[in-house]
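Counting begins at 1 with the first residue of the sequence.
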Amino acid sequence: SRFTRPMRAMILAAGFGTRLRPLTNTIPKPLLPVAGRPLIVWNLLLLKQHGITEAIINLHHLGHLIEQELGDGSALGMRLTYSRETVILGTGGGIKEAEAFFENQPVVVMNADTLLDVDLTEVIRLHEVHDPVATMVVRADAEAEAWGPVELDAMQQVIRINRTGRVGVKAAALCMFAGVHVLHPRVLADVPRGKESSIIDPYVRALERGDMIRGFPMRGYWSDIGTPDR
């Protein structure tokens with residue numbers, strides 16, 4: 001790796017879990033148990049399995065309970081730190097708020113509440129090879145259009161997100177964003193600090209500028225546990 005230190009990660013855990021009420025009235029969604037472990041722990045174990053032991057977790061809704069549960073991460077053999085949001089900042093504002101932790105190096109970002117199995121080592125390797133502003137893990141899904149379509153060209157470069165981005169390039173694949181990405185902090189340059197926003201906005205602007213964002217099609221297990229049924 002040409003980077004000066006092992007890659008760090010950010011886990012987004014600030015959301016309200018609205019669709020899972022009443023379960024999330026007293027328990028934040030990342031702490032809901034799956035097979036005897038809180039959801040967020042499965043994601044921390046995935047990071048650790050791929051050699052990432054330092055992570056920052058953003059908190060808002062019932063965030064103190066997440067911090068109580070995980071502490072400094074030593075029980076998992078990790079080093080955890082927290083970004084406490086007094087107002088909820090979304091994926092864009094939340095990542096921007098934690099920017100100092102990244103030390104101007106690429107970072108793996110993932111959701112606390114998605115259960116998935118993806119080869120992060122390979123995602124990171126390809127990110128290092130191509131050096132895009134971001135690498136988005138994507139997946140084929142019959143409902144891709146409803147989730148928000150991510151279009152890739154034949155070289156697995158992202159050309160459009162939600163139908164916006166590069167024009168005049170033919171899509172070779174229509175996917176959905178799986179909620180895991182590696183980003184370089186340079187993509188955050190025009191994200192306002194302390195204000196709610198989506199990371200998708202700077203990604204679309206990057207595409208419109210002609211910056212490279214790569215797609216990584218995953219084929220493993222994936223579940224967005226957004227509703228009691230799911």
Would you say L89 and L59 are hydrophobically clustered, going by side-chain heavy atoms of ILVMFWY under 4.5 Å?
no
When rounded to the nearest 0.5 angstrom, what is the spacing between CZ in F216 and OG1 in T135?
9.5 Å
Test of understanding: clusters of I, L, V, M, F, W, Y form through side-chain heavy atoms closer than 4.5 Å, transitively. Do M176 and L174 belong to the same one?
no
Could you go step by step and tell me if N43 and I11 meet the side-chain contact (heavy atoms from CB on, under 4.5 Å) rule?
CA-CA 8 Å; N43 287 315; I11 296 191; 4.3 Å; yes
Sub-4.5 Å side-chain heavy-atom contact between M10 and T81:
no
Does V108 form a side-chain contact (heavy atoms from CB on, under 4.5 Å) with M7? I'd like the steps, not just the answer.
CA-CA 7 Å; V108 176; M7 199 170 277; 3.6 Å; yes
Does R205 come within less than 4.0 Å of D190, counting only side-chain N to carboxylate O?
yes
Steps toward side-chain contact (heavy atoms from CB on, under 4.5 Å) verdict (M78, L44):
CA-CA 8 Å; M78 298 183 76; L44 289 167; 3.9 Å; yes
Output yes when a side-chain donor or acceptor of H184 lies under 3.5 Å from a complementary backbone atom of R186, and no otherwise.
yes
Are E122 and R125 close enough for a salt bridge, meaning some N to O gap below 4.0 Å?
yes
Common cluster, I124/M212, ILVMFWY with side-chain heavy-atom separation under 4.5 Å
no
Can you measure from CG (L76) to NZ (K48) and round to the nearest 0.5 angstrom?
7.0 Å
Approximate separation, where rounding is to 0.5 Å, of L80 CG and S74 OG
8.5 Å
With sequence neighbours excluded, residues passing salt bridge (charged side-chain N to carboxylate O under 4.0 Å, His left out) with R21
none
Rounded distance [0.5 Å steps], OG in S223 versus CG in D117
13.0 Å
W42 (side chain) donor-acceptor with V34 (main chain) under 3.5 angstrom:
yes
Report yes if some heavy atom in the side chain of P217 is under 4.5 Å from a heavy atom in the side chain of R139; otherwise report no.
no
Is the shortest side-chain heavy-atom distance between V41 and L70 below 4.5 Å?
yes
Does the side chain of L116 reach to within under 4.5 Å of the side chain of M110, using non-hydrogen atoms?
yes
Would you check if L120 and V137 make a side-chain contact, meaning some heavy-atom pair closer than 4.5 Å?
no
Side-chain ion pair, R163 and E151, N-O less than 4.0 Å
yes
Is a salt bridge present between R214 and D131, judged by a nitrogen-to-oxygen distance below 4.0 Å?
no
Does the side-chain contact (heavy atoms from CB on, under 4.5 Å) test come out yes or no for E208 and T164, once each step is laid out?
CA-CA 8 Å; E208 289 173 338; T164 316; 3.5 Å; yes
Would you compute the distance between atom CG of N58 and atom NZ of K96 and round it to the nearest 0.5 angstrom?
15.5 Å
Using the ring of F101 (Phe, Tyr or Trp, six-membered ring only), decide whether R8 places NZ or CZ under 6.0 Å from its centre and within 45 degrees of its axis.
yes
Tell me, do V191 and S197 make a side-chain contact under 4.5 Å, heavy atoms counted?
yes
Pairwise side-chain contact, M136 with I213, heavy-atom cut-off 4.5 Å (strictly under)
yes
D224 vs R19, salt bridge (charged side-chain N to carboxylate O under 4.0 Å, His left out): CA-CA, chis, key distance, verdict:
CA-CA 12 Å; D224 162 78; R19 293 173 300 154; 3.5 Å; yes
Rounded distance [0.5 Å steps], CG in D141 versus CH2 in W147:
7.0 Å
Report yes if the side chains of L183 and V133 come closer than 4.5 Å at any heavy-atom pair, otherwise no.
no
With no hydrogens and no angle check, is any side-chain donor or acceptor of Y82 less than 3.5 Å from a backbone partner on G63?
no
For the side chain of H61 and the backbone of A14, is there at least one donor-acceptor N/O pair under 3.5 Å apart?
no
